[in-house]
Amino acid sequence: MVATILRYGIIGVGMMGREHLMNLYHLKSEGVAVVCIADPHIPSQKYAQKLAESFDWPLQVFAGHKQLLESGLCDVVVVSTPNMTHYEILMDIINHPKPHHVLVEKPLCTNVSDCKKVINAAKARSDMLVQVGLEYRYMPPVAKLIDIVKEGALGKVKMVSIREHRFPFLVKVDNWNRFNCNTGGTLVEKCCHFFDLMRLFIGANPVRVMASGAMDLNHRDEVYDGRVPDIIDNAYVIVEFDNGCRGMLDLCMFAEGGKNEQEISVVGDIGKGEALVPESIVRWGTRAEGRNGVQTLLAEDKRIKYDGLHHGSSYLEHLQFLSAVRARGEQAPAVGLHDGLVSVAIGVAAQLSIQKGRSVAIEEVMHEQLLQSTKS
């Protein structure tokens, strides 16, 4: 039994915030408790309170994150608010006198400039850990494929191909996720996960992005406060890395008729591996052995006590972050602020590539003055 209870607060208790509440409840035996929440949306507050009551976890409820921070009730905060609010909330947490360890949902911020400001501010807070919620790394089949790549079974990685064929964006509070100005664009909001995985598999830095995408089917007949949504629902994105490798994303958000939502392929100079989600199947083999030598396994992680919305990856993410927090500075977060920045930068470059009809260098979006000029 863990002697000291680690107290959590959740800022933003919409769908994803309540998902974090569920994950943390299933980590109760590890010595955690959610003691407070903050959200200006009354229905979300009530849903979260009802859920916590079923766990016998009484919650202090605040209308805003500043009141939660001032309360001094918690040691760790989970930020699961709409994307466009991340920057202000993170800066308030980082600048608050009391240190709070932070798990912030992806994307880190909606643009590169804000990500860099958060990173610079966090450098002054050695008493805080900040982890970015790029939890697709922890999905059991993806984690197994990462291990296969790290072990060298595929040789030197040359190409990564990721296909996400899925359903449209879900309905969120006040429909905030229907507009690029709130999300950063589909390729930031949704696809930062996949750009993070590309970089992880390839082990290099992105240098150039080429993308083609459109809004072809979804949300075209929706109107909110006189505005029609502008988020794309499909795209192809090619990312070039500084070691000569390439990654490719094939995104379609009107493809409910498929068996898997994610199909990830990694090809090295001696072999190929692939991970299928949600089938949770991993396959890998070598060029020398050919098709008959391909191995197949069902990827599982016995530590998972709650599958939730992301096939157990959020549970494992919390488990890892809890380990880092309890290590008291001896263990870095598995997904740091720089990881969050680069995943956003690739998405921003992809959005800009579609807008401008040309390839975009990562250096171009990393330069704040150039980035600001694209907004005007």
Side-chain angles (χ1 to χ4, degrees), residues 106-109 111-120 123 132 134 136-137 142 145-164 184-185 187-188 190-213 235-251 264-275 332-374:
K106 61 76 191 169
L108 174 57
C109 297
N111 60 67
V112 170
S113 178
D114 286 349
C115 288
K116 291 167 75 172
K117 291 173 187 174
V118 168
I119 290 173
N120 288 333
K123 288 177 181 177
V132 182
L134 293 164
Y136 278 37
R137 295 179 176 211
V142 178
L145 185 55
I146 291 169
D147 288 342
I148 289 169
V149 170
K150 286 182 177 178
E151 290 163 2
L154 310 182
K156 187 175 180 180
V157 173
K158 296 295 182 180
M159 301 178 73
V160 175
S161 175
I162 299 177
R163 171 183 287 170
E164 179 171 65
L187 298 177
V188 172
K190 184 72 196 74
C191 302
C192 57
H193 280 303
F194 306 123
F195 301 137
D196 176 63
L197 290 178
M198 286 181 191
R199 181 167 162 262
L200 197 61
F201 284 123
I202 291 172
N205 295 311
V207 293
R208 189 165 68 123
V209 177
M210 294 162 280
S212 173
Y236 293 117
V237 182
I238 296 172
V239 185
E240 295 179 344
F241 290 81
D242 61 8
N243 63 353
C245 295
R246 291 182 303 282
M248 192 274 286
L249 172 67
D250 167 4
L251 173 72
I264 300 171
S265 170
V266 180
V267 183
D269 57 359
I270 66 171
K272 173 186 175 181
E274 56 185 347
V335 189
L337 289 171
H338 182 71
D339 298 310
L341 164 66
V342 178
S343 68
V344 167
I346 298 173
V348 169
Q351 292 281 151
L352 186 59
S353 177
I354 294 170
Q355 177 189 338
K356 299 292 186 182
R358 60 172 173 81
S359 64
V360 174
I362 291 295
E363 183 179 351
E364 183 177 345
V365 300
M366 283 293 195
H367 193 294
E368 291 187 24
Q369 289 183 338
L370 288 174
L371 180 66
Q372 293 299 325
S373 71
T374 67

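The analysis underlying the following values was restricted to heavy atoms, covering all of them including side chains, and did not include hydrogens, waters or symmetry mates.
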Task: Side-chain touch Val342/Pro206, heavy atoms, less than 4.5 angstrom - done: yes
- [ ] Quick one: pull up CG in Asp242 and CD1 in Ile362 and give me the separation to the nearest 0.5 Å.
- [x] 11.0 Å
TODO: First locate atom CD1 of Ile354, then atom OG of Ser212, and finally report the distance between them rounded to the nearest 0.5 Å.
DONE: 6.5 Å
TODO: Work out which heavy atom in Val344 is nearest to a heavy atom in Cys109; give both atom names and the distance.
DONE: CG2-O, 3.5 Å
Open item on the list: As a quick check of understanding, evaluate side chain to side chain contact (heavy atoms under 4.5 Å, CB included) for Glu164 and Asp250, giving each step before the final call.
Closed with: CA-CA 6 Å; Glu164 179 171 65; Asp250 167 4; over 6 Å; no
TODO: Start with the C-alpha gap between Val157 and Val267, add the side-chain angles, then the distance that decides, and say whether side chain to side chain contact (heavy atoms under 4.5 Å, CB included) holds.
DONE: CA-CA 6 Å; Val157 173; Val267 183; over 6 Å; no
Task: Minimum heavy-atom distance Ala235-Leu187, with the two atoms named - done: CB-CD2, 4.1 Å
TODO: Would you check if Met248 and Met159 make a side-chain contact, meaning some heavy-atom pair closer than 4.5 Å?
DONE: no
- [ ] May I ask you to decide whether Asp339 forms a salt bridge with Arg199, counting only side-chain N to carboxylate O separations under 4.0 Å?
- [x] yes
TODO: Start with the C-alpha gap between Val360 and Arg208, add the side-chain angles, then the distance that decides, and say whether side chain to side chain contact (heavy atoms under 4.5 Å, CB included) holds.
DONE: CA-CA 6 Å; Val360 174; Arg208 189 165 68 123; over 6 Å; no
TODO: Would you mind reporting whether Leu352 and Gln355 have side-chain heavy atoms less than 4.5 Å apart?
DONE: yes
- [ ] Report the C-alpha distance between Met198 and Phe241 in whole Å, list the side-chain angles of each, state the deciding distance to 0.1 Å, and finish with yes or no for side chain to side chain contact (heavy atoms under 4.5 Å, CB included).
- [x] CA-CA 10 Å; Met198 286 181 191; Phe241 290 81; 3.9 Å; yes
- [ ] Report the distance from atom OG of Ser343 to atom CG of Leu197, rounding to the nearest 0.5 Å.
- [x] 10.0 Å
Task: From Ile148, Val149, Ile146, residue fulfilling side chain to side chain contact (heavy atoms under 4.5 Å, CB included) relative to Val266 - done: Val149
Task: Where Cys245 and Ile202 come nearest, the two heavy atoms and their spacing - done: CB-CG2, 3.6 Å
Task: Under-4.0 Å salt bridge between Glu364 and Arg358 - done: yes
Task: Reported SG-to-CD distance for the pair Cys191 and Gln351, which is rounded to 0.5 angstrom - done: 8.5 Å
TODO: Looking only at non-hydrogen atoms, find the nearest pair between Gly155 and Ile270 and report the distance.
DONE: N-CG1, 3.2 Å
Task: Cationic N near anionic O, under 4.0 Å, Asp196 to Arg137 - done: yes
Task: Rounded distance (nearest 0.5 Å) linking atom CD1 of Ile162 with atom CZ of Phe195 - done: 8.5 Å
Task: With Tyr136 via ring-ring contact (aromatic ring centres under 6.0 Å, His included) - residues at least two apart - done: His193, Phe194
Open item on the list: Closer than 3.5 angstrom, by distance alone: can the side chain of Lys116 be matched with the main-chain N or O of Met366 as a donor-acceptor pair?
Closed with: yes
Task: Where Leu134 and Lys106 come nearest, the two heavy atoms and their spacing - done: CD2-CB, 3.8 Å
TODO: To the nearest 0.5 Å, tell me how far Asn120 CG sits from Lys117 NZ.
DONE: 10.0 Å
- [ ] For Ala211 and Ala350, work out which heavy atoms get closest and say how close.
- [x] CB-O, 3.5 Å
